[in-house]
Protein chains: 2
Amino acid sequence: MKTEKVKERIIRVASDLFYKQGFNSTGINQIIAEADIAIGSLYNHFSSKNELLQAYLIKEELEWFNGFEEHAVNLSSAKDKLLALVDYRKKLQDSTNFAGCHFIKIISEVGESNPAISDFVKKHKEKQKTLINDIVRELPEQESIDIDEVTETIFIVLEGALVISTINKNTKGFDHAKKIIQEIVS
Amino acid sequence: MKTEKVKERIIRVASDLFYKQGFNSTGINQIIAEADIAIGSLYNHFSSKNELLQAYLIKEELEWFNGFEEHAVNLSSAKDKLLALVDYRKKLQDSTNFAGCHFIKIISEVGESNPAISDFVKKHKEKQKTLINDIVRELPEQESIDIDEVTETIFIVLEGALVISTINKNTKGFDHAKKIIQEIVS
DNA sequence: GTCTATAAATAGATAGAC
DNA sequence: GTCTATCTATTTATAGAC
């Protein structure tokens, strides 16, 4: 592992705080304190707090997809991959103490006041749906299975399970989501 | 309609702003400006911004359940009521320009930093689930239908559809949710 | 490229007159 | 019960020394 550069440290510290406390509840002063740098250094690397927000979302998206690839690397069947997707999101929730989806969180905070951000989130969720769609296409051919319909169902159920998991601080929603998906792909 | 009192006007103005801009992005000064009152008057009715937040959530919960009752008042069959629930949430999204769920939004902002609020949201979602459960119990008896399982599925699908609707700014998710629920209860 | 000092605006909240 | 004036802290961001 190479040494973490200052810019990377800023993004890491800011990301943790944005995720755990919320974007608006995290001040520049707290970021520089926890990153142990001066404010002038921060503004040398990022021209505004909003630019830091964009770096945060780009990083989280990259880690999300890389994390899933790593999680599902040994699986060959489409069914196993879809169930692994449920497990992956469940695992993420467990390991973050049910802090929820980075992207839903930020949309809830900035809404339409920041079109660049809401656009990024929209595209991110489209990428997630495309990932599901690609796996569904690998399923063994069945009668009465519409690829796009099945994709949409799985996508909706996963988002629903995640939201409920975040509110209830447990993983029951994911267990039920797994049942639903199991019935669809069996 | 009786005259709106000052306290009611404060709650109404604050609610609109909290919902549209977010809680942290809405300042006391903006609230008093749009409510056309002095800051001293606000603090006469509410001892803190957090107290105003609680009044907001209580009001929105009341309106949510009253709104559904009104929306479904003429329906007698359980199936129609469940489909009306989808329509109701779809209608709410349409009429708010896809601003999303008040309760998911506030949880995303305050997270666990405000236990009273996250507790309120948790209980609110339990009430929504109980509403679904009560209707599912009225369904004509069928083999192979587990009331709690069906409740959980409908609950998850509705939450998922709403989140997706908020991100994509359309109602396609609800149309798909309706299909799923229709298959379950037919 | 990192630092300190500071600006300029706004935050939530209080005191006390009327 | 509503008002104005004000307090203190904090916000994001900039200037300029080193």
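Since the model is a prediction, treat every value here as computed from it, not as a measurement. We use all heavy atoms of the structure for the numbers below, so side chains are in, but hydrogens, waters and symmetry mates are not. Sequence lines set the chain letters: A, B, ... in the order given, protein chains first and strands last, and positions in each chain run from 1.
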Q: Please report the C-alpha distance between Arg137(B) and Asp148(B) in whole Å, then the side-chain angles of each, then the deciding distance to 0.1 Å, and finally whether the side chain to side chain contact (heavy atoms under 4.5 Å, CB included) criterion is met.
A: CA-CA 9 Å; Arg137(B) 282 177 196 282; Asp148(B) 290 339; 4.1 Å; yes
Q.
Assess the residue pair Ser47(A) and Glu51(A) against the criterion (side chain to side chain donor-acceptor pair (under 3.5 Å)); give the C-alpha distance rounded to whole Å, side-chain angles, the decisive distance to 0.1 Å, and a yes or no.
A. CA-CA 7 Å; Ser47(A) 68; Glu51(A) 204 168 282; 2.8 Å; yes
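- Between the CD atom of Glu51(B) and the P atom of dG12(C) there is a distance of 15 Å, rounded to whole Å.
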**Q.** Trace of the side chain to side chain donor-acceptor pair (under 3.5 Å) decision for Asp94(A) with Thr171(A)
**A.** CA-CA 8 Å; Asp94(A) 256 323; Thr171(A) 54; 5.0 Å; no
Q. Can you give one letter per nucleotide of nucleotides 2-14 of chain D, going 5' to 3': B for a protein heavy atom under 4.0 Å from the base, S for sugar-phosphate only, - for none?
A. BBBB-----BBBB
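- Rounded to whole Å, atom P of dT10(C) lies 14 Å from atom CD of Gln21(B).
- The shortest side-chain heavy-atom distance between Ser15(B) and Glu63(B) does not fall under the 4.5 Å cut-off.
- Checked against a 6.0 Å centroid threshold, the rings of His124(B) and Phe65(B) count as neighbours.
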